[in-house]
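These numbers come from the heavy atoms of this one structure, side chains and all, not from hydrogens, waters or symmetry mates. Positions are given from 1, in the same order as the sequence printed here.
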Amino acid sequence: MEKPLLGKTILIVEDEAVFRSMLEGILTALGAKTMPAENGLEAITLLEQQNADLIICDLEMPQMNGGKLVEHIRMSGNSVPILIISATENMADIAHVLRLGVQDVLLKPLKNLERFREAVFECLYPSMFTSKVEEDEQLFQDWDALVSNPPAAAKLLKQLQPPVQLNVAHCRFNYRQLTMAEQPGLVLDIAALSDNDLAFYCLDVTRAGDNGVLAALLLRALFNGLLQEQLSGQKQRLPELNGLLRQVNLLLKQANLTGQFPLLVGYYHSGLKNLILVSAGLNATLDIQSHQIQLSNGVPLGTTGNTYLNQISQRAERWQCHVWGAGGRLRLMLSSEE
């Protein structure tokens, strides 16, 4: 379809004229009608005159910021999809608007325009996508309740664990929890980023008490978006994972989650057969055929303001990775589909 947004009206609330004009150009080329506004007050006036199918909104604006605008819209009973695009580094602001029911949050600078288009399509045509948005809403709509109720947070985290076997990005992936316990220990998440690449992480939640479980829930909600930002600047589609972990470390600090958070992040491209592993506090060994590589653990996130990491990169069609820490052991196995 040449004009997939034909018949859709999109309100763009953005005080930066150049960026607002750029968004208008992209959306009108896709067939949408756009309504520009420089702040929340202008947006409310426009909404009184005409309904919108989607609102794209900045957070930091004069007169009425994005957070206040989202509050006003939701309190008036309007459930219009809202996409936030903001340069804010304040995790509390992001959590606030997610709790209010925005559909997605993208961070400026908007390096990956394809990611922006995908986010718009997901907001307007949610039935066409396997929606991670619903999972994020489930997490943030009761965030304060989870903070005050650690057993409920631990229960939710357990419910969100991936199946032990799955096909993803033309690969067969499975894992085994080698240490069984009632309480969360090593938490795993895996996600396809495209038809050819996937990412996963293991987080040891035992060294930060209740904050470990909350960190795992926060990371699960934001991990895909953070990694997409890293990928957007990589021409060879191999992310710089050290930068990703530095960003996670900053987000944990901004969310006031204190403690030590041992974390291992992996990325695999099924076309290039390239695996990247980076560790901040977890031990790991990588087995490729008869060859074994040791990945030193590094320093857990949350320990200092900086990150001290260890990283390896290997080409392999199939591999096994053993990960261990205070929270237990995991064995991860992947093979590329022929």
Worked check of side chain to side chain contact (heavy atoms under 4.5 Å, CB included) between L30 and K3:
CA-CA 5 Å; L30 294 171; K3 301 286 188 180; over 6 Å; no

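- None of V205, V213, L219 except one satisfies the side chain to side chain contact (heavy atoms under 4.5 Å, CB included) rule with V187; the exception is V205.
- For the pair A215 and L203, the tightest heavy-atom approach, listed with the atom from each and the gap, is C-CD2, 4.1 Å.
- The shortest side-chain heavy-atom distance between F116 and L27 falls under the 4.5 Å cut-off.
- The shortest non-hydrogen separation linking P262 to G281 is CB-O, 3.5 Å.
- Tested against L5 for a side chain to side chain contact (heavy atoms under 4.5 Å, CB included), the candidates T28, I10, D53 yield a single pass: I10.
- Side-chain atoms of Y175 come within 3.5 Å of backbone N or O of P162 as a donor-acceptor pair.
- Closest approach of M35 and A52 over heavy atoms only: CE-CB, 4.2 Å.
- Of the N and O atoms on the side chains of S76 and N78, not one donor lies less than 3.5 Å from an acceptor on the other residue.
- A salt bridge links R115 and D104; the closest N-O separation between the charged side-chain nitrogens and carboxylate oxygens is under 4.0 Å.
- From I44, atom CD1 reaches atom CG of N39 across 9.0 Å, with rounding to the nearest 0.5 Å.
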Residue pair L282, N297: steps toward the side chain to side chain contact (heavy atoms under 4.5 Å, CB included) verdict
CA-CA 5 Å; L282 283 175; N297 57 4; 5.6 Å; no

Run the numbers on L23 and T34 for side chain to side chain contact (heavy atoms under 4.5 Å, CB included), then give the verdict.
CA-CA 9 Å; L23 295 181; T34 60; over 6 Å; no

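- Open room surrounds NZ on K155; 12 or fewer heavy atoms of other groups in view lie less than 6.0 Å from it.
- Counting only distance, with no hydrogens or angles, the side chain of D204 and the backbone of L263 share no donor-acceptor pair below 3.5 Å.
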Given the rule in the side chain to side chain contact (heavy atoms under 4.5 Å, CB included) test, do W324 and T285 qualify, once you have shown the distances and angles that lead to the verdict?
CA-CA 9 Å; W324 69 94; T285 58; 3.7 Å; yes

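- Classification of K108 and D58 as a salt-bridged pair holds, one side-chain N sitting under 4.0 Å from a carboxylate O.
- Classification of the F173-W319 ring pair by plane angle, with boundaries at 30° and 60°, yields perpendicular.
- Remark: the N51 side chain and the T9 side chain contain no N/O donor-acceptor pair separated by less than 3.5 Å.
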